[in-house]
Q: 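Please read through the structure below; I'll follow up with questions.
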Amino acid sequence: MIVLGDSLTEGLGVTRGEAFPTLVEKGLHENGYGAAVINAGISGSTTAGAARRLKPYFNQDPEVLILALGANDGMRGLSLKAMEKNLSEAIDLAQENGMEVLLAGMKIPPNYGRDYAVAFEKVYERLAKEHSVARIPFLLSGVAGRKELNQPDGIHPNSKGHEIIAKTVLTHLLNLLKSRSQTHVQGILED
């Protein structure tokens, strides 16, 4: 399992063990899944090159991609059309290589206007529908804007914030894995 993301995934300002991908792996183990979770977060990353960044992990035969990119695109006011294209290419590539995709949605403050912020959020909704992938509505749900769960910059979660993110991701991931195993069993029964 791969979490392809930016500084939020990498765990900027916390230890690697406190970053949400590590906590998700622990949660999976506690729920009977022996999956390893690869933290493929790089601080400052935008959606540009997402597909290229994914390719080196195929030799590890991952089954699930958690795609957690876009925050930096939005914070920099980059083209939403390009962002959508980049995320779409990464999803296509993952699906072509037999991976399930969990798309982590993001929201941004209205620094570039309310219309941009609303359009930004809708990119994730549209991609999830178009590609029939599972979606986390907002990766930072319950964390964003809460001083006690973020570092002094107000952007990057602290260790307590990462714990909440991990619970959010784990909830959606377990739903995806359960539906996947039910579909697999159904396919076997129909054969």
Q: Do the charged groups of Glu148 and Lys160 touch, with an N to O distance under 4.0 Å?
A: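 Answer for the salt bridge query: no.
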
Q: Quick one: are Met106 and Leu140 in side-chain contact, heavy atoms under 4.5 Å?
A: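 When only atoms from C-beta onward are counted, Leu140 and Met106 do touch, with a gap below 4.5 Å.
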
Q: Do Leu23 and Met1 share a hydrophobic cluster (ILVMFWY, side-chain heavy atoms under 4.5 Å, transitive)?
A: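 The answer is no; the residues belong to distinct hydrophobic clusters.
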
Q: Leu173 and Ile38: same hydrophobic cluster, using ILVMFWY side-chain contacts below 4.5 Å?
A: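 Yes, because Leu173 and Ile38 connect within a single hydrophobic cluster, where side-chain heavy atoms sit under 4.5 Å apart.
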
Q: Any side-chain heavy-atom pair from Leu176 and Val133 closer than 4.5 angstrom?
A: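 The answer is no, as the side chains (C-beta and beyond) never meet within the 4.5 Å cut-off.
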
Q: Walk me through it: do His156 and Asn150 pass the test side-chain contact (heavy atoms from CB on, under 4.5 Å)?
A: CA-CA 6 Å; His156 296 96; Asn150 287 280; 5.8 Å; no

Q: Does anything in residues 68-113 form a ring pair (Phe, Tyr, Trp, His ring centres under 6.0 Å)? List the pairs, not counting sequence neighbours.
A: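 Non-adjacent pairs meeting ring pair (Phe, Tyr, Trp, His ring centres under 6.0 Å): Tyr112-Tyr116.
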
Q: Give me the atom names and distance for the closest heavy-atom approach of Pro62 to Tyr57.
A: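 Between these two residues, the closest heavy atoms are CD-O, 3.3 Å.
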
Q: Using a 3.5 Å distance criterion without hydrogens, assess whether the side chain of Arg53 forms a donor-acceptor pair with backbone atoms of Gly5.
A: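 Flag set: sc Arg53 to bb Gly5 pair under 3.5 Å.
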
Q: Under 4.0 Å between a side-chain nitrogen and a carboxylate oxygen: does that hold for Lys85 and Glu89?
A: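 Here Lys85 pairs with Glu89 in a salt bridge, since their nearest N and O are under 4.0 Å apart.
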
Q: Would His131 and Asp92 count as a side-chain hydrogen bond (donor to acceptor under 3.5 Å, both in side chains) here? Give the steps.
A: CA-CA 8 Å; His131 293 275; Asp92 283 341; 3.2 Å; yes

Q: Kindly work out whether a path of hydrophobic side-chain contacts (I/L/V/M/F/W/Y, heavy atoms less than 4.5 Å apart) joins Leu78 to Met75.
A: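 No; Met75 is not reachable from Leu78 via cluster members.
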
Q: Does the side-chain contact (heavy atoms from CB on, under 4.5 Å) test come out yes or no for Gln151 and Val14, once each step is laid out?
A: CA-CA 9 Å; Gln151 296 173 47; Val14 299; 4.1 Å; yes

Q: Is there a path from Ile164 to Leu174 through hydrophobic residues (I, L, V, M, F, W, Y) whose side chains come within less than 4.5 Å of each other?
A: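 Yes: a chain of side-chain contacts under 4.5 Å links Ile164 to Leu174.
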
Q: State yes or no: do Ile42 and Phe58 share one hydrophobic cluster built from I, L, V, M, F, W and Y residues joined by side-chain heavy-atom distances below 4.5 Å, directly or via other members?
A: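 As far as the 4.5 Å side-chain criterion goes, Phe58 and Ile42 are not connected within one cluster.
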
